[in-house]
Q: 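Quick one: structure below, then a few questions.
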Amino acid sequence: MRAELVVVPVLLPLLTAGLMLWAGEGRRHVKALLNVLSTSLSLAAAVTLLVWVQSQDAVAAFGIYLPGNWPVPFGIVLVADHLSALMAVLTGTLGLATLLYALARWQHAGVHFHVLFQLQLMGLYGAFLTADLFNLFVFFEVLLAASYGLLLHGGGNARVKSGLHYIAINLMASLLFLIGVAVLYGVTGTLNMADIAQKLQAVPTSDRGLLHTGAAILAIAFLAKAGLWPLNFWLPGAYSAASAPVAGLFAILTKVGVYALLRLWTLCFPENAGASAHFGGGALIWGGLATLAFGAIGMLASQQLARLAAYSVIASSGTLIAAIGFDAPALSTGALFYLVSSTLAGGAMFMLVELMERSRQVEVGPQQIDDGRDRLPAFFDAAPPPGVNLDDNEDALIGRAIPGALAFLGVTFGICAGVVAGLPPFSGFVAKLAMLQALLQQGTRPAWALFALVIVSGLFAATALIRVGIRHFWGAANRASPKLRVIETLPIGALLAGSMMLVVWGEPALRYARDTADALHNPERYIRAVMSARPLSPQPGEAP
């Protein structure tokens, strides 16, 4: 694999967005085609990185690219390892699915949708692949700026109100991010993550308090973006007000904060970090437990499916944050599997919400969304066989044909509910089982607290989702079947199929998660690989 492939997922969306802006406000079909092509190629590059990383041994599983060809730690560094490659593939998968869903209707709800979408992907890919704190801040701001426009896409009072809350909290988090970065730079004299980790043990005792202060400020910024309670008051309103494809893509935004915490905490505060070993671990555990409890109660109390989906994102973030704080490779293995499973299910559920709510809108008439083309076929009605019991309306009690749209919604909602609640045989169950087994090995009071909350939150989620299913599918017998387009249903089915593949290929998936966790909890490999990267020597005839 050529090292230049690492930068492709970052540069390709940027170039595509620039080309779309150059094309002007028209040519929407051309922009849609460019968007799909660019997103597909970025996903292909991310998959290639993941396959290459997995094929290498533990020491060589690092793809490193120096964009400015400056020596480490003075220049920008992009790194593809087990974790960043996994997050890049997850970004591309969710991005392609939500984009295809948006092509049915939401791309027409405002200008520059495709440009903002590509910039959002660029920020996500960059945040996962960068190895520099300041560039992490830059990519954070790129993805946040794009998300502001995407959240307001389609207009409406609810989106504007939620968007103001979303922008305000993220601007404050960005300010804290800058302050934390400045403090860490003042203490260590570097912004390269590997170089920071390498120099932490040499920080004098007199500066240790300043170091911890800077790390805590930086952690608050990440935790606000990850949806930690009580900093997550903005999340249910913002995610439930966003359009369906935007909310589906936002399912991975909270995971950016989780990723940054996981990367920096395991890198800078491992067990051998001396006085700074496991700094803040207790705060992560108890903060994650509070967030998980808040998300579970929010799911149970939600009367709207969109808000229930938003609270499920909070619950998943709380689970992951608490798992990070234990610094246990076995628990991190289950948490990484859970991260992938919950993100795929969350993205599918946000898109499924809109399809399920359509039957509550105008059922028959000129305002219906579908124009009669590209819809799911309905099952053929058939006369009941002789001797079949009839109800008061002389309709057969058995053998009634189920419209294809309702059948699709029912099956996909059932799978989503099973994954989110962690019910067997879905991927959420596999992830939670792996985490529960690891927690039993811990045997501490916080471990038992997380063990209990994981089970109780699954019970709350199952209760809330069953209630929604009854209301939508069993409590409305006379409701007209919604009109669905194939291009809206395929992305949802693909995400859930990916979730099911995690079960079918459970052993390889868990093995990859285990390799990722081992690499995270042995940070010297990452440090050694990044610090040993060297600029390319000029070729004969080139300027030095």
Side-chain angles (χ1 to χ4, degrees), residues 13 32 35-36 39-40 42-43 87 89-110 113-114 116-121 123-125 143 146-154 158-159 162-163 166 227 235-256 304-317 339-358 408-409 412-413 415-417 419-420 465 484-499:
N35 202 347
V36 172
T39 305
S40 301
S42 298
L43 174 58
M87 299 305 296
V89 170
L90 196 57
T91 298
T93 301
L94 206 59
L96 184 59
T98 53
L99 172 60
L100 293 177
Y101 184 95
L103 294 181
R105 19 192 332 262
W106 281 107
Q107 65 163 332
H108 304 290
F113 171 81
H114 295 291
L116 291 171
F117 193 92
Q118 283 297 303
L119 291 176
Q120 176 85 87
L121 291 182
L124 287 168
Y125 281 124
L143 69 91
S147 70
Y148 299 154
L150 289 175
L151 177 58
L152 298 174
H153 183 75
R159 292 194 181 99
S162 300
Y166 176 76
L235 194 150
Y239 280 41
S240 59
S243 64
V246 171
L249 183 60
F250 279 11
I252 199 171
L253 284 191
T254 54
K255 305 306 186 292
V256 179
Q304 300 176 357
L305 183 54
R307 291 186 69 86
L308 191 155
Y311 278 108
S312 73
V313 171
I314 292 176
S316 67
S317 289
L339 185 152
V340 177
S341 171
S342 62
T343 303
L344 293 177
M349 181 169 286
F350 277 116
M351 291 185 285
L352 193 59
V353 166
E354 183 187 42
L355 303 187
M356 292 177 61
E357 290 294 335
R358 279 189 192 171
F408 172 82
L409 293 179
T412 52
F413 177 78
I415 296 174
C416 266
V419 176
V420 171
L465 290 165
L484 308 180
R485 295 178 182 271
V486 171
I487 200 170
E488 293 173 318
T489 60
L490 284 179
I492 298 174
L495 290 179
L496 295 179
S499 178

Q: Show the numbers, then the answer: is there a side-chain hydrogen bond (donor to acceptor under 3.5 Å, both in side chains) between Thr489 and Tyr101?
A: CA-CA 8 Å; Thr489 60; Tyr101 184 95; over 6 Å; no
Q: Do you know the tightest heavy-atom contact between Leu151 and Ala238?
A: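 Taking Leu151 first and Ala238 second, the nearest heavy atoms are CD1-O, 3.3 Å.
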Q: To the nearest 0.5 Å, how far apart are CG in Leu495 and CG in Leu344?
A: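 Between atom CG of Leu495 and atom CG of Leu344 there are 6.0 Å.
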Q: Which pair of heavy atoms, one from Ala251 and one from Leu94, lies closest together, and at what distance?
A: CB-CD2, 4.1 Å
Q: CG/Leu124 to CG/Leu90 distance, rounded to the nearest 0.5 angstrom?
A: 10.0 Å
Q: Under 4.5 Å between any side-chain heavy atoms of Ser341 and Val419, yes or no?
A: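 Heavy-atom side-chain distance check passes, below 4.5 Å.
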Q: Between Ile487 and Ala104, which heavy-atom pair has the shortest distance, and what is it?
A: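 Taking every non-hydrogen atom into account, CG2-CB, 3.5 Å.
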Q: Determine, stepwise, if the pair Leu96 / Ser40 fulfils side chain to side chain contact (heavy atoms under 4.5 Å, CB included).
A: CA-CA 7 Å; Leu96 184 59; Ser40 301; 3.6 Å; yes
Q: Taking all heavy atoms of Cys416 and all of Leu496, pick out the closest pair and write down the distance.
A: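 Of all heavy-atom pairs spanning Cys416 and Leu496, the closest is SG-CD2, 3.6 Å.
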Q: With side chain to side chain contact (heavy atoms under 4.5 Å, CB included) as the criterion, how do Leu355 and Met351 come out once you've worked through the C-alpha distance, each side chain's angles and the decisive distance to 0.1 Å?
A: CA-CA 7 Å; Leu355 303 187; Met351 291 185 285; over 6 Å; no
Q: Minimum heavy-atom separation for Gly95 and Phe117, please, with both atom names.
A: O-CZ, 3.1 Å
Q: Apply side chain to side chain contact (heavy atoms under 4.5 Å, CB included) to residues Phe113 and Leu150 and explain how you reach the verdict.
A: CA-CA 7 Å; Phe113 171 81; Leu150 289 175; 3.9 Å; yes
Q: Indicate yes or no: at least one non-hydrogen side-chain atom of Met356 is less than 4.5 angstrom from one of Met349.
A: no
Q: Quick one, Leu235 and Thr254 - any side-chain contact, counting heavy atoms below 4.5 Å?
A: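 In short, these two side chains touch, coming nearer than 4.5 Å.
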Q: Please output the side-chain donor-acceptor pairs of residues 239-250 that fall under 3.5 Å, not counting sequence neighbours, one pair per line with the distance.
A:
residue : atom : partner : partner atom : Å
Tyr239  : OH   : Phe250  : O            : 3.0
Ser240  : OG   : Pro236  : O            : 2.6
Ser240  : OG   : Gly237  : O            : 3.3

Q: Please name the pair of heavy atoms, one in Val420 and one in Ala345, separated by the smallest distance, quoted to 0.1 Å.
A: CG2-CB, 4.2 Å
Q: Given the rule in the side chain to side chain contact (heavy atoms under 4.5 Å, CB included) test, do Leu339 and Met87 qualify, once you have shown the distances and angles that lead to the verdict?
A: CA-CA 10 Å; Leu339 185 152; Met87 299 305 296; 3.7 Å; yes
Q: Hey, are the side chains of Leu100 and Glu488 touching, using non-hydrogen atoms and a 4.5 Å cut-off?
A: no
Q: Is the shortest heavy-atom distance from the side chain of Ser316 to the side chain of Lys255 under 4.5 Å?
A: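 A side-chain contact under 4.5 Å exists here.
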Q: Judged by atom type as modelled, is there a donor-acceptor pair below 3.5 Å linking the side chain of Thr412 to the main-chain atoms of Leu409?
A: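 Pair found, side chain donor or acceptor close to backbone of Leu409.
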Q: Within the structure provided, determine whether Leu253 and Leu143 are in side-chain contact (heavy-atom separation under 4.5 Å).
A: yes
Q: Does the side chain of Leu119 come within less than 4.5 Å of Pro13's, by heavy atoms?
A: no
Q: Side chains of Leu103 and Val36: does their closest heavy-atom pair fall under 4.5 Å?
A: yes
